[in-house]
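Here the structure comes first, spelled out in structure tokens, and everything after it is commentary.
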Amino acid sequence: MGVLDEGHVEVGFEQETLAIEEAVKVLLQGLGEDINGEGLSKTPARVAKALREGTRGYRQKAKDIVQGALFPEAGLNNGIGHAGGVGGLVIVRDLDLFSYCESCLLPFQVKCHVGYVPSGQCVVGLSKLSRVADVFAKRLQDPQRLADDVCSALNHGIKPAGVAVVLQCLHIHFPNLELGFLDSTHQEWVKVSVCSGKGLFENAKATIWSDFLSLLKFRGINVEKTCTRDSTGPCWCPSQSSSALIPCKIETVHQMVTAVTSILRSLGEDPLRKGLVGTPNRYVRWLLNFEKTNMELKLDGDVCGKMDPFQPNCNEEEMHSELNLAFWSQCEHHLLPFHGVVHIGYFCTKGTNPIAKSILQSIVHFYGFKLQVQERITRQVAETVSSLLGGDVIVVVEASHSCMVSRGIEKLGSNTATMALLGRFSTDDTAKTMFLQRIQNTPTS
Ligand SMILES: Nc1nc2c(ncn2[C@@H]2O[C@H](COP(=O)(O)OP(=O)(O)OP(=O)(O)O)[C@@H](O)[C@H]2O)c(=O)[nH]1
Ligand SMILES: [Zn+2]
């Protein structure tokens, strides 16, 4: 599908959406979930709606957007460098977009900066630069191809003396599950910057690129000029590097991979195109991290034996805490990740000693890697720690929800905190305040 061969033929929107819902049911069953269960009955419909919204760009045509918004504007004279007509650089910076990674089907964030040099004595409506960028962001994308698509479409639509696009992309970091633990020092995002240029910007060494990058610097945006990524180079998506085997019944995996392939087709994509080969497998591998495991919380070995032997026995007045324990989870409403940190505080009864950090991380890990809601994780972690220590536990969870950032309300930077108070923490404000103060005074990892 070329950029100018824009938009897919809209074939039976409803029937395609229903097909996606059926495929999502197969995925939920593959995870061992009851699709008629309380929190999940509407999930297939929500996920289908979210995917259709997230790939609406296939049903839109960039040229329709630009055509109606080219305004005649005389330049100072016919030389390059005078605003209006044949004139100076116009750039729109810090456009927040969200796209879907074609490699793993997870949403990624985009800071988009678009610039062009008007020609033909006319300028384009500023908002249309963002609208055109959104048409191509709302597809299954790779950063470089997204930059090239937007650049080509604007070049074709506006017929400027030159057009340039710079994208700064952020992809969720994948936990290193192969090592069987969450590195709590993990960095939150995989970052990549790409650019694309046409006309005066075709040559990456053209001085007009320096003008563009200087205007970005005014906003604290520092981008390397030569940031065109070679499509044969390593893929930016972290799912490409995790080769962990999928620990699941092979026929279940096959059914799930087939279901994801049918979702790609229902979205109007070609599962056999280069960027999508392997995507169903990668997406199923990601999903199986959240398989419903009914096993009782398996704490490696006898917890008491794992209490932290290097710490003296507790005295009842001393509060212990483990802060910024990393967690990932998957929202059961949208099958989209939410991730962040868990803070745990507790008093241990006389004669016991504090729990080792690795045990607390295992507890967080166990409840995180499920289809969840944040309030439930918070409660489950608190109840489990309380069962080990006899009662006085406080848990605070802070997380960013992809379903609130990259779709629906699209509130970039929004973050949710939940708190569970057991025993003394639910009656003694001083203890609770002391713990919250400790979090406040501890920099996140
Ligand atoms: N309380 C809670 N809500 C969550 C969590 N994760 C997702 N949600 C919410 O689940 C709700 C699902 O609402 P619905 O109206 O059924 O689905 P929707 O139309 O996709 O909702 P919007 O996100 O508002 O577009 C949304 O309001 C989400 O924000 C969570 O961990 N805790
Ligand atoms: Zn990805």
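For reference, positions follow the sequence shown, starting with 1.
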Salt bridge present between [X] and [Y] (N-O < 4.0 angstrom):
| X | Y | answer |
| --- | --- | --- |
| Arg56 | Glu53 | no |
| Asp270 | Arg265 | no |
| Asp429 | Lys432 | yes |
| Glu383 | Arg379 | yes |
| Glu102 | Arg145 | yes |
| Lys138 | Glu410 | yes |

Test log, rule side-chain hydrogen bond (donor to acceptor under 3.5 Å, both in side chains), inputs Gln141 and Asp149: CA-CA 10 Å; Gln141 278 289 8; Asp149 285 353; 3.2 Å; yes
Specify the closest pair of heavy atoms between [X] and [Y], including all atoms of both residues, with the distance to one decimal.
| X | Y | value |
| --- | --- | --- |
| Tyr58 | Leu267 | CD1-O, 3.4 Å |
| Pro280 | Leu276 | CD-O, 3.5 Å |
| Pro44 | Val24 | CA-CG1, 3.7 Å |

Go through Ser329 and Phe327 one step at a time and tell me if the side-chain contact (heavy atoms from CB on, under 4.5 Å) criterion holds. CA-CA 7 Å; Ser329 195; Phe327 88 99; 3.9 Å; yes
Would you say [X]'s side chain and [Y]'s backbone share a donor-acceptor pair under 3.5 angstrom?
| X | Y | answer |
| --- | --- | --- |
| His343 | Asn324 | yes |
| Trp236 | Pro143 | no |
| Asn155 | Cys151 | no |
| Arg59 | Arg52 | yes |
| His113 | Asp94 | yes |
| Thr418 | Thr378 | no |
| Ser426 | Leu422 | no |
| Ser386 | Ala382 | no |

With under 30° as parallel and over 60° as perpendicular, where do the rings of Phe369 and Trp328 fit, or are they tilted in between? parallel
Between Gln361 and the options Ile344, Val342, Leu325, the side-chain contact (heavy atoms from CB on, under 4.5 Å) test singles out Leu325
Identify which one of Leu154, Val165, Val124 satisfies the side-chain contact (heavy atoms from CB on, under 4.5 Å) criterion when paired with Tyr116.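 Of Leu154, Val165, Val124, side-chain contact (heavy atoms from CB on, under 4.5 Å) with Tyr116 is met by Val124 alone.
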I'd like to know if the side chain of [X] pairs up with that of [Y] as donor and acceptor (distance under 3.5 Å, no hydrogens or angles considered).
| X | Y | answer |
| --- | --- | --- |
| Gln109 | His171 | no |
| Asp148 | Ser196 | yes |
| Arg285 | Ser239 | no |
| Thr43 | Lys25 | no |
| Gln380 | Arg376 | no |

Taking the side chain as every heavy atom from C-beta outward, state whether [X] and [Y] have any pair of such atoms under 4.5 Å apart.
| X | Y | answer |
| --- | --- | --- |
| Ile439 | Val396 | yes |
| Leu31 | Lys292 | no |
| Asn289 | Gln330 | no |
| Asn281 | Val260 | no |
| Cys104 | Thr279 | no |
| Leu421 | Met419 | yes |
| Phe98 | Pro107 | no |
| Ser41 | Asn36 | no |

Can you tell me how far [atom2] of [Y] sits from [atom1] of [X], rounded to the nearest 0.5 angstrom?
| X | Y | atom1 | atom2 | value |
| --- | --- | --- | --- | --- |
| Leu436 | Phe425 | CG | CZ | 9.5 Å |
| His401 | Thr416 | NE2 | OG1 | 4.0 Å |
| Ile91 | Leu215 | CD1 | CG | 4.5 Å |
| Glu322 | Leu360 | CD | CG | 6.0 Å |
| His333 | Leu371 | NE2 | CG | 10.5 Å |
| Leu95 | Ser127 | CG | OG | 10.0 Å |

side-chain contact (heavy atoms from CB on, under 4.5 Å), that's the test. Do Leu105 and Leu264 meet it? Break it down for me. CA-CA 10 Å; Leu105 297 188; Leu264 294 178; 4.0 Å; yes
Stepwise side-chain hydrogen bond (donor to acceptor under 3.5 Å, both in side chains) check, Ser193 with Gln168: CA-CA 4 Å; Ser193 294; Gln168 297 170 293; 4.5 Å; no
Can the positive tip of Arg424 be found less than 6.0 Å from the middle of the six-membered ring of Phe347, inside 45° of the ring normal?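 Output yes; distance and angle both within limits.
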Ring-face cation contact, Tyr100 with Arg139, 6.0 Å cut, 45° max: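 No; the conditions do not both hold, so Arg139 does not lie above the ring face of Tyr100.
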May I have the step-by-step check of side-chain hydrogen bond (donor to acceptor under 3.5 Å, both in side chains) for Tyr346 and Ser321, ending in yes or no? CA-CA 6 Å; Tyr346 60 90; Ser321 54; over 6 Å; no
